[in-house]
Amino acid sequence: MRARDRWLARGVIAAMALLAGWHLWVFDSNQHDPDFIADDKLDVRPRTLSRVARRNLMSVVNTSFATYHAMREMIPGAHLLIPSDLAAHQFELERVGRLDVEVAPTRLELPRQRVQDIFDHETNELWAMGPGTFTGAVLVPGATRYVLVWRPGDNGLQIIITESRYHSELAAERNR
Amino acid sequence: MPISLGQPLLFLVLHVMGTAIAIAIGPAKRPHLCAALGFTTGLAAAVVIELFLLAIGVPVVPLTGAAAALAVIVGCAIVVQRRGGLPRASWRVLGWWTLGVAVVAVAVTRVNLAIMSYDSHFIVMMGGVVANDGRFAPGVLERLGDYGVFTVIAQALVRFTRETYLWGLPTMLAASTIGAFAVLLDRGLDVLGVPARGRRWQVALITLTTFSAFMLIRHAFYIQTNLGTASYLLIFCALVWLAETTGETDALPLAFVAIVAIGLHRIEGAAVAVLFMTLTLLPSRLPRRAIVVPLAIASAVIAAWYLYLARAVSDESEFLTPNKCYLMAGLPLAFAAYVAVSPKIAPLARLNTRAPWVVAIAIVLALVAGFETHYDLMYDSASAWLDCLYEAKYWQPTYLFIAGIALAGLLAPAPPNRAVFVVGIPAYFGVILLLVLGRTPYYFGMGDSASRMAIHLVPLAFFYFGLKFVPLVRRA
């Protein structure tokens, strides 16, 4: 009985040694096995949260979350006017993005082509308020008041411009 | 002057604080054990202190944080001094451990290897919000109902560093868990009479086998709630087993620190804590006074958090609703009251000695009822979970091995006070399966909740296998 216990115990300890070897083999295969996606591999990642979020494979993380972090880095404390359609982002923009957020009662829009032109030619930061959207930010050094503007009838493309620029664009549109 | 530490220094401060607590309220005559539990105890203490300050409205800023840490360390030093201080040999041991922790803390914070999912990002984001605000700003509490608060508040310690998040924290926690596992197993085998010379390499082997499992390596870099739960569950069970087996109760307060951490780690944490306390404390032969007071304090801390949270979470939440918060608050409180009262009532005292059987029967009946009432949900979840554990590359072959050794173990004599392991591990499996009744089905995948929760039991299982088989190796 006692001899059997001893040999059983020795067998278990030997099996543990084999299992440790197998574990290390599985760990090694993690680095090149296609079963493991990039997010699951051990890899050196950026130390900055916004860049880590931007590289994440989950769309909410690499769009909304990354944008909140980027805003905090680029325009901390700025005032941002957002349309009521984006009110769901208010908490995160305020608490994560550290912005002073004001929700406008209506959509904030400029003519379709004007938004597209600003997005194409003046954007200096490309963000995304959510999956399937592009948010071009035209950041101006020293500016503290920004407005998030949409194209009429389109949620997919937005721009963030200074409040003064928004008003001048509106005035120019009225004069046209 | 603003206080800004690097991650290594923050981790070292947590270790020193935890070691001071362990020496003051724990087994001061065992400096290796106190130091091995230093980081985990310090982290748990920091989280509880920060939660307390947040709840009473004291802003958590570097000044209040540093003052709290200093107060704890100085307070512990005074307690130790009043007991006559520590022998020189203990200081030497603590010094070497501190140096070792410093080296590890520096090593694990050279490059960011952190793995992050949606959950990780959410946890880090909420931790950052708490860190920046230094308080629970409106809207924060209601968002904490989907995850345990422990990791969020631990991440909020980023306030004291220059980093944007504590990417080294899971790795540091893993390293300290490895140390705690090895020291606890070594102490357990010592208690069982295994000579030091023969046991050290076996402890090293079992530690390597346990923590080289792919899912444990992954969670050593993954910002989630699972590794912490596994770590504190191991610490609680091992410390209570040691106390029960040796009759020495000096380490029990540290076990209750671990219970608080388990209760706050995940939204079902309080129930898991009560499950393992039922298996260990009810049939215990330890003096009641060594159990009742720390149990009451730990239960009050866990309950206070869930009662505080209940004010904010939504009725429509998929996870913690106010009613579930009240349940999580009520469970440890009711358990503490039962532990205090039941020994005085003869039938209940007799029932307490059979608590492991009662738990086993209750879990089996609950599983039968679960399958009877929600067959598809339970079957699909059980099937997907078993596929994860036995077929998926990321788990294979760890659980096959655990199952095989558990079966082989039926043929060998067992160590004393084994109920916490032989009933606790399968019972927790049952609880994990039952948890699906309150949520969407488990699925086949590395990120699935049940697949992740399975890591909670791996260190515990290997710890038990060590206690069971190593003493037999040399027995003639």
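Below, chains carry the letters A, B, ... as their sequence lines are ordered, and counting in each starts from 1.
Side-chain contact between B:H121 and A:L49 is present, with at least one heavy-atom pair separated by less than 4.5 Å. Within the 4.5 Å cutoff, the side chain of A:F91 has heavy atoms near those of the B:V140 side chain. Counting only heavy atoms from C-beta outward, the side chains of B:L411 and A:R4 approach each other to under 4.5 Å. Between A:V12 and B:L472 the shortest side-chain heavy-atom distance does not fall below 4.5 Å. A:M16 has its side chain within reach of B:F465: a pair of non-hydrogen atoms, C-beta onward, lies under 4.5 Å apart. Side-chain contact between B:W167 and A:R45 is absent, with no heavy-atom pair separated by less than 4.5 Å. With contacts defined as side-chain heavy-atom distances shorter than 4.5 Å, the pair B:L205/A:I13 qualifies.
Looking at B:I405, the atoms closer than 4.5 Å to chain A (heavy atoms on both sides) all sit in the side chain, from C-beta outward. Of the atoms belonging to B:L113, heavy atoms from both backbone and side chain fall under 4.5 Å from chain A. Residue B:W201 touches chain A through its side chain alone, counting heavy-atom pairs closer than 4.5 Å. Only the side chain of A:E92 comes within contact range of chain B, with at least one heavy atom under 4.5 Å from a heavy atom of that chain. Looking at B:F401, the atoms closer than 4.5 Å to chain A (heavy atoms on both sides) all sit in the side chain, from C-beta outward. With a 4.5 angstrom heavy-atom cutoff, B:V124 touches chain A only via side-chain atoms. Proximity to chain A is absent for every atom of B:S120, based on heavy atoms less than 4.5 angstrom apart. With a 4.5 Å cut-off on non-hydrogen atoms, A:V60 touches chain B through its side chain but not through its backbone. Residue contact with chain A, scored on non-hydrogen atoms closer than 4.5 Å, involves the backbone of B:A114 exclusively.
Side-chain polar atoms of A:H23 and B:T209 form no donor-acceptor pair below 3.5 angstrom.
Contact count versus chain B (heavy atoms, under 4.5 Å) is highest, among A:E94, A:R47, A:M58, A:R10, for A:R47. Chain A forms the most heavy-atom pairs under 4.5 Å with one residue out of B:A408, B:A392, B:G404, B:S212, and that residue is B:S212. Most heavy-atom pairs under 4.5 Å with chain A: of the set B:R143, B:E163, B:K468, this distinction falls to B:R143. Of the residues considered (A:L24, A:V44, A:L57), A:V44 shows the highest number of contacts with chain B, using heavy-atom pairs under 4.5 Å.
Within 6.0 Å of CZ in B:R135 there are more than 12 heavy atoms belonging to other residues, nucleotides or ligands. No more than 12 heavy atoms of other residues, nucleotides or ligands shown are found within 6.0 angstrom of CZ on A:F134.
Separating the CE atom in B:M125 from the OH atom in A:Y68 is a distance of 6.5 Å, to the nearest 0.5 Å.
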Open item on the list: Between A:V52 and B:N112, is the side-chain contact (heavy atoms from CB on, under 4.5 Å) condition met? List the steps.
Closed with: CA-CA 10 Å; A:V52 172; B:N112 178 8; 4.2 Å; yes

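Between B:F214 and A:F27, the shortest heavy-atom contact is CD1-CA, 4.2 Å. Of all the heavy atoms in B:F122 and A:F65, the pair that sits closest is N-CE2, 4.1 Å.
Only one option out of A:R98, A:R72, A:R95 pairs with B:N132 in a side-chain hydrogen bond (donor to acceptor under 3.5 Å, both in side chains); it is A:R72.
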